[in-house]
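These notes are about the structure you will find just below.
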Amino acid sequence: MLALVDCNNFYASCERVFRPDLRGKPIVVLSNNDGCLIARSAEAKALGYKMGEAFFQAYRRLDRDKVYVFSSNYALYGDMSARVMRSLGEFTPLVDVYSIDEAFLDLSGFGDLDAHSRDIKRSIEQWTGIPVSVGVAPTKTLAKLANRIAKKWPGKDGVFVLEGPDERYLSKIEIGDVWGIGRQTSKQLTSLGVDTALDLAQLDPRLVRQKFNVVVERTVRELQGISCIPFDEVPPHPQNIMVSRGFKNRVSEKEQLHEAVALYASRAGEKARGKNVYATSITVFLRTSPFAPGPKYSNAATITYPEAVNDTPALIRAATQALDMIFRPGLDYQKAGIMLTGLVYEAERQASMFAAPDTSKKEGLMAVMDKLNDRYGSETLRMASSGTNRPWWMARERLSPCYTTRWSDLAWVRV
DNA sequence: TCTGGGGTCCTAGGACCC
DNA sequence: TCTGGGGTCCTAGGACCC
């Protein structure tokens, strides 16, 4: 049996951990650039705020409803997430971290699953301050479903064990709420009279494959209790690394775009080194706002390395070069980003006939840089080309302190 | 004025090969 | 009238997830 442990309203809960005065108060968290609402506390949901609502449209209502509004603080959420995941490791070594706020646990061999799940829930809340829900079932899709029931149904108190594909519960779950069934598939299924998880579970998987695809077929089997989605104890080999941001204001100067792209390349390098992978290619993309009137432009350029790299100078060099290939003067750019692809681990690196044979010096430099930045805070040491002034840097006007990752932001306690 | 960021997997179609 | 068959690899785009 698998348990899905899911943090409730994760970002909003993180903001509340160090602000106990906000218990019972409505909270929303904004996306990067304070663009739209991406997390809401239970109280904010009850007031009718929707996921993805544009902030500038909700602004007046939020003010009127006295909602506490936060810019997203990923340093805080990432660290709180790590605490939750580490805590889950106390219950079983078999933890499959699925996202920043969810993990599957393999509970095979455990006795009283309900009691055990309640213990997990209680402990995580006590140790981290983050409330969680636990759903237990034989497959990942059913565990997701069980978690939903644990969270939403009165009387379940955040824990629910679903022994198998029980009709009484599957019939109560709308098709669009099944994990893996999105808007498009949901629309098609409804038109065929498939309205609930139960309806879907009763279809013939082979027929579903013909009419839809393997993904939906797997979902059907998972709902029937046959596990098709593997449990990944070790994180799977990453396919790509992306860093992109919208600008605070529109940017048309090439120098500023160069700074931005250099900064994103540095971040991508840190991520790559953190995962121990090297990139074969780097792609830079650039676009104007899809909403604004006026000329629209969107383009990307890719540069392939003779030998896979992950050191920041090499990434910045190529990113700069790629940017020059797609930059058009006279446009108001809204966003830029970079993507590292063709990721390989050290052992899979293919040596180039032409590249310099010894890279140990570069690696040493990067290791020192990463270590300093880890210890003394991000960007303690950084590349000059990524800019100092950064007028384009995203707006985050309601940022909370980095309580757990920055010494100067530690919470004060008065006694 | 103002609308997120970062991922995965699958499929279809084209290029190319023998 | 009718123009092989079987493969691989790559890319773009769609759908989905949090």
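So you know, we letter chains A, B, ... as the sequences are listed, proteins then strands, and number each from 1.
- Between A:H237 and A:Y345, the angle of the ring planes lies from 30° to 60°, which puts this pair in the tilted group.
- Note on A:F10: nothing from the nucleic acid sits closer than 4.0 angstrom, heavy atoms only.
- Using a 4.0 Å heavy-atom cutoff across all strands shown, A:S72 reaches no nucleic acid atom at all.
- A:R183 has its CZ atom 12 Å from the C1' atom of C:dC16, to the nearest Å.
- Under the Watson-Crick or G-U wobble criterion, with both distances below 3.5 Å, C:dA15 is paired with B:dT8.
- Partner A:F55 forms a side-chain contact (heavy atoms from CB on, under 4.5 Å) with one of A:L30, A:I38, A:N33 and no other, that one being A:L30.
- Residue A:L37 contributes atom CG, which lies 16 Å from atom C1' of C:dC18 at whole-angstrom precision.
- A:N147 places its CG atom 15 Å from the P atom of C:dC17, with the value rounded to the nearest Å.
- Side-chain polar atoms of A:Q334 and A:R250 form no donor-acceptor pair below 3.5 angstrom.
- Taking the C1' atom of each, B:dG4 and C:dC17 are spaced 15 Å apart, rounded to whole Å.
- Taking 4.5 Å as the limit, some side-chain heavy atom of A:K275 sits within range of a side-chain heavy atom of A:I241.
- In this structure, A:Y98 and A:W179 have perpendicular ring planes: the angle between them is above 60°, well past the 30° mark.
- Residue A:I100 is out of contact with every strand shown, counting any heavy-atom pair closer than 4.0 Å.
- Geometrically, A:K335 does not engage A:F247 in a cation-pi contact, judged by NZ or CZ lying under 6.0 Å from the ring centre and within 45° of the ring axis.
- What separates CG of A:D177 from P of C:dC17 is a distance of 10 Å, to the nearest Å.
- A cation-pi contact links A:R349 to A:Y278, judged by a cut-off of 6.0 Å to the six-membered ring centre and 45° from its axis.
- A:V216 comes within 4.0 angstrom of nothing in the nucleic acid, heavy atoms only.
- Across all strands shown, A:N249 has no heavy atoms under 4.0 Å from either base or sugar-phosphate atoms.
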Check: What string of B, S and - do you get for nucleotides 3-14 of chain B, 5' to 3', if B is base contact, S is sugar-phosphate-only contact and - is no contact with any protein heavy atom under 4.0 Å?
Finding: BBSSSSSSS---
